[in-house]
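The next block holds one structure in the form of structure tokens; read it before the comments.
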Amino acid sequence: MAQSDSLSEFLEEAVNAAKTAGQVILNGFYQTKLVEHKGSVDLVTETDKACEDLIFNHLRQKFPTHKFIGEETTAANGVTQLTDEPTWIVDPLDGTTNFVHGFPFVCVSIGLTIGKIPTVGVVYNPIIDELFTAITGQGAFLNGKPIKASSQDELVKCLLATEVGTKRDKSTVDATTNKINSLLFKVRSLRMSGSCALNLCGVACGRLDLFYETGFGGPWDVAAGVLIVKEAGGLVFDPSGKDFDITSQRVAASNSFVKDAFIEALAR
């Protein structure tokens, strides 16, 4: 594991990169967007691409021996294998559909894995200027102030977030809506706000009690957020209850009190 002073430097540069990219997102947020389709409802804009280039160029200059995995480069060049080497995993604009529609739930997500383990995490929403950060073993923060997951211990009083994803075939939509239909009888309410990374941060700071999503884009959606949840005292796991796997496109998160009840509810 890298020394803590190195981790602090990694975090500082990730924050600098996120804030620079965030300014590009903020500038583009109120302007007409040039939108392309990766799928029937999966969108990408010139801002996604510009921000990924900007972030990678910044971090490569500072840490030339590190590896890089990004949503847009992966889309263009195919999957990059995650190794034990220090690897920056970046979603330059999580919540692209929100960005296109002017819905202010968008963020830059920058995670660093070492030995395949999330070690540094930065999630920045430039529209409302919220910066979530974490270093392994050092706690989680929102705009520099410590955050903690909620202490709600009754599932029926929990606020749940999920997403419907980008697949629109009947079997996927039916499975998704049937699961939501079942869960609505067991929790207080449900939110779908369009950003996996910000949903994880919502659990970390106690705005949300529960979150799950399957079939999201890739490790760039979760690399930063899962660390922020853990450092805030929350739990991250596979929706089946098994251990979380960063490459699996499956994630669930909760506070430390309702995990078992949540897994049971997800299984039904």
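FYI, side chains are in, hydrogens and waters are out, and symmetry mates aren't considered; it's all heavy atoms of this structure. All values derive from a computational prediction rather than experimental measurement.
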Does Leu227 share a hydrophobic cluster with Val236, counting links as ILVMFWY side-chain heavy atoms below 4.5 Å and allowing steps through other members? no
Considering only heavy atoms from C-beta outward, does the side chain of Phe132 approach that of Ile147 to under 4.5 Å? yes
Side chain to side chain donor-acceptor pair (under 3.5 Å) assessment of Asn199 paired with Ser193: CA-CA 8 Å; Asn199 282 329; Ser193 37; 3.2 Å; yes
Side chain to side chain contact (heavy atoms under 4.5 Å, CB included) between Leu82 and Ile89, intermediate numbers included: CA-CA 9 Å; Leu82 181 62; Ile89 304 179; 4.0 Å; yes
Could you tell me whether a side-chain N or O of Gln249 sits under 3.5 Å from a main-chain N or O of Gly217, the two making a donor and an acceptor? yes
Let's go through Trp220 and Ile69 carefully: what are the C-alpha distance in whole Å and the side-chain angles of both, what is the deciding distance for side chain to side chain contact (heavy atoms under 4.5 Å, CB included) to 0.1 Å, and is it a yes or a no? CA-CA 8 Å; Trp220 44 83; Ile69 297 174; 4.0 Å; yes
To the nearest 0.5 Å, atom CG of Asn125 lies from atom SG of Cys107 at 7.0 Å
Going by an N to O cut-off under 4.0 Å, is there a salt bridge joining Lys49 and Glu71? no
Hey, is NZ on Lys62 packed in by over 12 heavy atoms from elsewhere, all under 6.0 Å? no
With a 4.5 Å cut-off on side-chain heavy-atom distances among I, L, V, M, F, W and Y, is there a chain of contacts connecting Val15 to Ile127? yes
Can you confirm whether more than 12 heavy atoms, excluding those of Asp243, are under 6.0 Å from its CG atom? no
Any side-chain heavy atom of Thr45 sitting closer than 4.5 Å to one from Thr96? yes
Looking at Leu155, Asp153, Leu235, which hits side-chain contact (heavy atoms from CB on, under 4.5 Å) with Phe257? Asp153
Donor-acceptor pair, Asn255 side chain versus Val258 backbone, under 3.5 Å? yes
Is Arg268 close to Lys186 at the side-chain level, that is, under 4.5 Å between some pair of heavy atoms? yes
Could you walk me through whether Arg191 and Leu159 pass the side chain to side chain contact (heavy atoms under 4.5 Å, CB included) check? CA-CA 8 Å; Arg191 300 290 178 267; Leu159 186 59; 4.0 Å; yes
Quick check on side-chain hydrogen bond (donor to acceptor under 3.5 Å, both in side chains): which of Asp245, Asp238, Thr214 does Arg250 satisfy it with? Asp238
Do Asp221 side-chain atoms and Gly218 backbone N/O form a donor-acceptor pair below 3.5 Å? yes
Is there a continuous path of hydrophobic side-chain contacts, each under 4.5 Å between heavy atoms, that joins Val24 to Phe99? no
dist Asp129:CG -> Leu26:CG (nearest 0.5 Å) comes out at 9.0 Å
Donor-acceptor side-chain pairing of Asn27 and Gln23 below 3.5 angstrom: yes
Return the minimal non-hydrogen interatomic distance between Gly95 and Val106, and the atom names on each side. O-CG1, 3.2 Å
Hydrophobic cluster identity match, Val122 and Ile55, side-chain contacts under 4.5 Å: yes
Would a 4.5 Å heavy-atom cut-off, applied to side chains only, mark Ile228 and Val123 as touching? yes
In terms of side-chain heavy atoms, does His58 have a donor or acceptor partner in Glu13 at a distance below 3.5 Å? yes
Can you confirm whether more than 12 heavy atoms, excluding those of Lys67, are under 6.0 Å from its NZ atom? no
For the residue pair Ser171 and Asp174, confirm or rule out a side-chain donor-acceptor distance under 3.5 Å. no
Would you compute the distance between atom CG of Leu59 and atom CD1 of Ile110 and round it to the nearest 0.5 angstrom? 6.0 Å
Can you tell me how far apart CD (Glu163) and CZ (Phe216) are? Round to the nearest 0.5 Å. 11.5 Å
Here the gap from Thr136 atom OG1 to Ile117 atom CD1, rounded to the nearest 0.5 Å, amounts to 8.0 Å
When you compare the side chain of Tyr212 with that of Leu183, does any pair of heavy atoms fall below 4.5 Å? yes
Any side-chain to backbone donor/acceptor pair from Gln152 onto Glu154? Under 3.5 Å, distance only. yes
Once the angle between the rings of Phe262 and Phe237 is folded into 0 to 90°, is it parallel (under 30°), tilted (30 to 60°) or perpendicular (over 60°)? perpendicular
Can you name the nearest heavy-atom pair linking Val222 to Cys196, along with the distance? CG1-SG, 3.7 Å
Salt bridge (charged side-chain N to carboxylate O under 4.0 Å, His left out) assessment of Glu130 paired with Arg207: CA-CA 14 Å; Glu130 287 193 337; Arg207 293 172 184 168; 2.7 Å; yes
Spell out, yes or no, whether Leu184 and Ile263 are grouped together once hydrophobic residues are joined by side-chain heavy atoms under 4.5 Å, including indirect joins. yes
Using a distance-only test with no angle check, is there a side-chain donor-acceptor pair under 3.5 angstrom linking Asp5 and Ser8? no
Minimum heavy-atom distance Val108-Ala18, with the two atoms named: CG2-O, 3.9 Å
Smallest heavy-atom separation, Ala21 atom then Cys51 atom, equals O-SG, 3.5 Å
Any side-chain heavy-atom pair from Met192 and Ile180 closer than 4.5 angstrom? yes
Minimal non-hydrogen separation, Ser254 against Leu210, with atom names: CB-CD2, 3.8 Å
Does Phe244 have Lys242 sitting over its ring (NZ/CZ under 6.0 Å from centre, angle to axis within 45°)? no
Test log, rule salt bridge (charged side-chain N to carboxylate O under 4.0 Å, His left out), inputs Glu231 and Lys148: CA-CA 8 Å; Glu231 288 299 315; Lys148 290 289 179 193; over 6 Å; no
Can you confirm whether Phe10 sits close enough to Phe63 that some side-chain heavy atom of one is under 4.5 Å from a side-chain heavy atom of the other? yes
Check the pair Thr73, Asn77 against side chain to side chain contact (heavy atoms under 4.5 Å, CB included), reporting the backbone distance first and the verdict last. CA-CA 6 Å; Thr73 48; Asn77 304 321; 4.2 Å; yes
What pair of heavy atoms forms the shortest contact from Asn98 to Phe29, and how long is it? O-CE1, 4.4 Å
Between CD of Glu72 and CG of Asp53, what distance do you get to the nearest 0.5 Å? 9.5 Å
Side chain to side chain donor-acceptor pair (under 3.5 Å) between Ser109 and Asp94, worked out: CA-CA 7 Å; Ser109 175; Asp94 189 33; over 6 Å; no
Taking side chain as C-beta onward, heavy atoms only, is Thr47 less than 4.5 Å from Ile25? yes
